[in-house]
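Just dropping this structure here.
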Amino acid sequence: MSVLTAFLGKPPQGWIGRDAARPTATLDYLAEAVSNGSALVMDDQPFWARSAYGPMLALPYSSELNDITIMLTGLHESDAMLKRVKDAFDALYKESAKGPRILAFGVHPTSAARRIASSTSMPC
């Protein structure tokens with residue numbers, strides 16, 4: 001964290017990282033330095049996760065609405081991501097009558113660039 005703090009000029013407040021194969025102690029390590037984290041594929045809404053350093057705000061991260069899952073691993077057509085996000089938006093919009101909702105979806109620069117390059121005459 002000291003490297004990030006030196007680069008940013010202030011300590012980071014949150015963290016997003018890979019969930020897969022994450023040791024359970026990772027939340028404790030993060031909570032020691034930041035107040036919120038993402039990539040905790042546990043819920044559709046924020047919640048307070050317990051850590052050795054007190055509560056940490058866990059922000060939603062969707063593996064279902066993720067370009068790697070849909071486009072690279074699932075090898076779906078290009079409109080599959082749009083359709084899933086629109087369907088999720090419609091459902092969450094209805095649920096928002098009961099309270100705020102968060103629509104989390106992942107678009108990674110490397111996979112997005114691959115799709116753009118493959119649909120044009122640009123060399124990859």
Side-chain angles (χ1 to χ4, degrees):
M1 290 295 177
S2 61
V3 172
L4 286 173
T5 300
F7 178 76
L8 297 171
K10 61 183 180 179
Q13 294 181 356
W15 187 268
I16 183 170
R18 228 179 123 225
D19 180 69
R22 176 180 37 82
T24 53
T26 301
L27 187 61
D28 291 332
Y29 295 129
L30 287 175
E32 183 178 13
V34 298
S35 60
N36 66 74
S38 190
L40 302 171
V41 184
M42 298 178 194
D43 204 340
D44 291 335
Q45 297 304 315
F47 66 94
W48 291 102
R50 292 186 206 134
S51 78
Y53 296 92
M56 180 177 179
L57 183 59
L59 300 171
Y61 184 89
S62 175
S63 58
E64 293 86 15
L65 297 178
N66 188 298
D67 64 345
I68 291 176
T69 305
I70 297 170
M71 306 305 292
L72 299 181
T73 307
L75 301 175
H76 292 283
E77 295 295 322
S78 61
D79 64 344
M81 178 85 175
L82 175 62
K83 182 177 179 344
R84 286 193 194 182
V85 171
K86 285 172 74 175
D87 290 348
F89 174 85
D90 291 343
L92 289 172
Y93 186 77
K94 286 178 187 172
E95 290 178 17
S96 72
K98 300 173 191 170
R101 297 293 186 251
I102 293 178
L103 175 60
F105 59 94
V107 178
H108 300 80
T110 53
S111 60
R114 259 187 226 137
R115 286 191 300 280
I116 292 167
S118 67
S119 66
T120 67
S121 59
M122 291 176 38
C124 293

Common cluster, Ile70/Phe89, ILVMFWY with side-chain heavy-atom separation under 4.5 Å
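The answer is yes; both residues are in one hydrophobic cluster.
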Do Tyr93 and Val85 belong together in a cluster built from hydrophobic side chains that touch within less than 4.5 Å?
yes
Strictly by side-chain hydrogen bond (donor to acceptor under 3.5 Å, both in side chains), give each pair with a member in residues 95-107 just once, sequence neighbours left out.
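For residues 95-107, and leaving out neighbouring residues, the side-chain hydrogen bond (donor to acceptor under 3.5 Å, both in side chains) pairs sorted by first residue read Glu95-Arg101.
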Are Ile102 and Leu92 linked, directly or through other ILVMFWY residues, by side chains that come within less than 4.5 angstrom of each other?
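Not linked; separate clusters.
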Met81 side chain near Asn66 side chain, heavy-atom distance below 4.5 Å:
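No, their side chains stay 4.5 Å or more apart.
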Do Val107 and Leu82 belong to the same hydrophobic cluster, where Ile, Leu, Val, Met, Phe, Trp and Tyr are linked whenever their side-chain heavy atoms lie under 4.5 Å apart, directly or via other members?
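Each belongs to a different hydrophobic cluster.
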Could you pull out all residues at least two apart from Pro11 that satisfy side chain to side chain contact (heavy atoms under 4.5 Å, CB included)?
Thr5
NZ/NE/NH1/NH2 to OD/OE distance under 4.0 Å, Lys94 and Asp90:
no
Residue pair Glu64 / Thr69, side-chain heavy-atom distance below 4.5 Å:
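No, every pair of side-chain atoms sits at 4.5 Å or beyond.
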Looking at residues at least two apart in the chain, or sitting in another chain, which of them share a side chain to side chain donor-acceptor pair (under 3.5 Å) with Lys86?
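Expected list: none.
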Measure the CD-CG distance between Gln13 and Leu8 for me, rounded to the nearest 0.5 Å.
10.5 Å
